[in-house]
Amino acid sequence: WLWIRGCIRYCTDRKNREIGRMEHMEIRNAEKGDEEILAWVQTESWKAAFSGILPENELEKATCFVKVKEMYRKILGEGIVKIKIGFIEEIPHCIAGWRQNYNQKGAQTAEIICIHSMQTHWGQGFGSQMIKEILQNMKEEGYAEVMLWVFGENSRARRFYEKHGFHQNQASRIIHGITEMMYSRTL
């Protein structure tokens with residue numbers, strides 16, 4: 001919990017400082033024991049990104065730290081989802097998870113499960129750094145295509161994915177009471 005307090009203090013300090021240059025983000029593979037980091041980045045980024053998109057009660061359920069931490073404990077234990085964590089000045093900022101897609105496209109298709117960034121650094125290129133890293137990892141593992149789901153109302157994320165070569169498909173689904181749309185691209 002001490003590092004969480006440090007992260008909160010750091011993020012507050014960052015808001016009060018003028019940003020004159022893009023810092024470097026160190027990216028590493030998540031491992032067992034990173035559950036708190038992953039849960040913290042996901043819950044805090046969801047609160048910022050999906051407020052006004054998800055109904056308040058759904059957002060509250062989806063950002064329950066204890067439940068999200070337990071989810072990541074299970075995910076890291078199974079080892080099916082590959083997860084990266086990005087650090088800026090040793091503070092966790094961005095996470096991304098991906099795996100082989102089993103439902104939609106077949107064995108040659110990877111699926112981005114999540115990419116979440118802390119609001120304090122939105123628009124500074126760190127999400128781009130992370131997505132380039134995981135797309136390269138997918139390509140190195142022999143995948144030909146990648147797909148993901150994004151909330152239809154999340155125009156900021158949709159612009160981000162389109163900037164990185166993703167295109168909206170016809171597929172959609174309902175999750176948390178909101179329409180998600182499938183995006184994909186070749187690798």
Side-chain angles (χ1 to χ4, degrees), residues 1-30 34-72 75-76 81-98 112-135 148-166 175-181 183:
W1 288 105
L2 289 175
W3 72 265
I4 290 177
R5 282 195 295 245
C7 291
I8 292 168
R9 185 175 58 252
Y10 171 79
C11 292
T12 302
D13 290 346
R14 287 295 291 180
K15 287 181 180 179
N16 296 328
R17 283 194 271 159
E18 187 174 330
I19 300 168
R21 64 179 176 82
M22 181 177 155
E23 300 162 84
H24 179 70
M25 182 170 66
E26 295 293 326
I27 300 173
R28 71 164 172 82
N29 292 324
D34 286 334
E35 299 85 6
E36 283 191 4
I37 293 171
L38 298 167
W40 182 71
V41 173
Q42 179 169 322
T43 57
E44 293 302 308
S45 65
W46 270 54
K47 290 172 189 173
F50 302 142
S51 177
I53 294 176
L54 288 178
E56 190 174 320
N57 64 326
E58 289 294 323
L59 184 58
E60 191 173 313
K61 285 191 286 188
T63 58
C64 173
F65 182 83
V66 173
K67 289 181 181 178
V68 175
K69 179 181 168 186
E70 178 60 19
M71 175 192 74
Y72 278 114
I75 288 172
L76 291 173
V81 177
K82 295 167 176 50
I83 302 175
K84 298 279 187 173
I85 306 173
F87 295 85
I88 301 170
E89 296 179 10
E90 299 181 15
I91 303 295
H93 163 69
C94 186
I95 63 173
W98 67 276
I112 295 176
I113 305 299
C114 71
I115 184 164
H116 304 301
S117 297
M118 300 301 289
Q119 185 179 16
T120 53
H121 288 84
W122 284 354
Q124 295 179 33
F126 297 114
S128 292
Q129 187 179 339
M130 179 63 85
I131 201 165
K132 288 175 185 174
E133 170 92 7
I134 65 171
L135 292 175
L148 58 87
W149 294 97
V150 61
F151 289 125
E153 295 180 34
N154 192 347
S155 57
R156 186 182 54 80
R158 291 174 62 193
R159 284 191 307 274
F160 172 80
Y161 293 125
E162 290 165 2
K163 174 180 141 184
H164 291 283
F166 286 84
I175 188 162
H176 297 293
I178 303 295
T179 301
E180 279 191 319
M181 298 180 302
Y183 273 62

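What you see below is based on every heavy atom in this structure, not just the backbone, and it leaves out hydrogens, waters and symmetry mates.
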**Student:** Please find the pair of heavy atoms, one from S128 and one from K163, that lie closest to each other, and give the distance.
**Tutor:**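 Minimum heavy-atom contact is OG-NZ, 3.5 Å.
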
**Student:** Out of curiosity, E153 CD to R158 CZ, how far, rounded to the nearest 0.5 Å?
**Tutor:**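 The distance works out to 10.0 Å.
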
**Student:** Once rounded to the nearest 0.5 Å, what's the spacing between atom CD1 of I113 and atom CH2 of W98?
**Tutor:**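 CH2 of W98 is found 10.5 Å from CD1 of I113.
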
**Student:** Check whether any side-chain heavy atom of I175 lies under 4.5 Å from a side-chain heavy atom of W149, and answer yes or no.
**Tutor:**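 With C-beta onward as the side chain, the pair stays apart.
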
**Student:** Just how far is it from atom CD1 of I112 to atom SG of C114, taken to the nearest 0.5 Å?
**Tutor:**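 Answer for the CD1-SG pair, I112 versus C114, is 9.5 Å.
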
**Student:** Just so I know, are the side chains of E26 and R28 near enough to count as touching, which here means a heavy-atom distance under 4.5 Å?
**Tutor:**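 E26 vs R28: side chains apart.
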
**Student:** Specify the closest pair of heavy atoms between I115 and G127, including all atoms of both residues, with the distance to one decimal.
**Tutor:**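 Where I115 meets G127 most closely, the heavy atoms are CD1-O, 3.9 Å.
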
**Student:** Sub-3.5 Å donor-acceptor pair from the side chain of S45 to the main-chain atoms of Q42, do we have one?
**Tutor:**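 Yes, the answer is positive, given that a donor and an acceptor are paired below the 3.5 Å cut-off.
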
**Student:** Would you name the heavy atoms of R156 and W122 that are closest together and state the gap between them?
**Tutor:**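 Here R156 and W122 meet closest at NH2-CZ2, 3.4 Å.
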
**Student:** Determine the minimum heavy-atom distance between L38 and A30, stating which atoms define it.
**Tutor:**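 Closest approach of L38 to A30: CD1-CB, 4.2 Å.
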
**Student:** Please name all residues satisfying ring-ring contact (aromatic ring centres under 6.0 Å, His included) with Y161, sequence neighbours left out, ordered by chain then number.
**Tutor:**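 So Y161 forms a ring-ring contact (aromatic ring centres under 6.0 Å, His included) with F166.
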
**Student:** What's the spacing between I91 CD1 and M118 CE if we round to 0.5 Å?
**Tutor:**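 CE of M118 is found 10.0 Å from CD1 of I91.
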
**Student:** Rounded to the nearest 0.5 Å, what separates atom CD1 in I27 from atom CD1 in I134?
**Tutor:**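 Atom-to-atom, I27:CD1 and I134:CD1 are 9.0 Å apart.
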
**Student:** Carefully, step by step, assess F65 and E36 under the rule side-chain contact (heavy atoms from CB on, under 4.5 Å).
**Tutor:** CA-CA 8 Å; F65 182 83; E36 283 191 4; 4.1 Å; yes

**Student:** Counting C-beta onward and ignoring hydrogens, is there a side-chain heavy-atom pair between I88 and C94 closer than 4.5 Å?
**Tutor:**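 When only atoms from C-beta onward are counted, C94 and I88 do not touch, as no gap falls below 4.5 Å.
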
**Student:** Step by step, work out the ring pair (Phe, Tyr, Trp, His ring centres under 6.0 Å) result for H176 and W46.
**Tutor:** CA-CA 13 Å; H176 297 293; W46 270 54; 5.7 Å; yes

**Student:** Any sub-3.5 Å donor-acceptor pair from N154's side-chain atoms to A157's backbone N or O?
**Tutor:**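 It does hold such a pair.
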
**Student:** Mind checking side chain to side chain contact (heavy atoms under 4.5 Å, CB included) for K47 and listing every partner two or more places apart, or none if nothing turns up?
**Tutor:**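 Here the qualifying residues are E44, T63.
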
**Student:** Using the side-chain contact (heavy atoms from CB on, under 4.5 Å) rule, take N57 and L59 through it: C-alpha gap first, then chi angles, then the decisive distance, then the call.
**Tutor:** CA-CA 5 Å; N57 64 326; L59 184 58; over 6 Å; no

**Student:** Are any non-hydrogen side-chain atoms of I95 and K84 less than 4.5 angstrom apart?
**Tutor:**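 I95 does not reach K84 side chain to side chain.
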
**Student:** Which heavy atom of Q119 sits nearest to which heavy atom of A48, and what is that distance?
**Tutor:**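 Answer, listing the atom of Q119 first, then A48: OE1-CB, 3.3 Å.
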
**Student:** Between Y183 and E162, is there a side-chain donor-acceptor contact under 3.5 Å, judged purely by atom types and distance?
**Tutor:**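 Yes, side-chain donor-acceptor contact under 3.5 Å.
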
**Student:** Salt bridge or not for K67 and E70, using N-O below 4.0 Å?
**Tutor:**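 Salt bridge absent between K67 and E70.
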
**Student:** Quick one: are F126 and Q129 in side-chain contact, heavy atoms under 4.5 Å?
**Tutor:**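 Sidechains of Q129 and F126: in contact.
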
**Student:** Hey, are the side chains of M130 and H93 touching, using non-hydrogen atoms and a 4.5 Å cut-off?
**Tutor:**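 Heavy-atom side-chain distance check fails, nothing below 4.5 Å.
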
**Student:** Side-chain contact, heavy-atom cut-off 4.5 Å: D34 with I83?
**Tutor:**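 No, their side chains stay 4.5 Å or more apart.
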
**Student:** Less than 4.5 Å apart, side chain to side chain, heavy atoms only: is that true for M71 and V68?
**Tutor:**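 Of all side-chain heavy-atom pairs linking V68 with M71, at least one is under 4.5 Å.
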
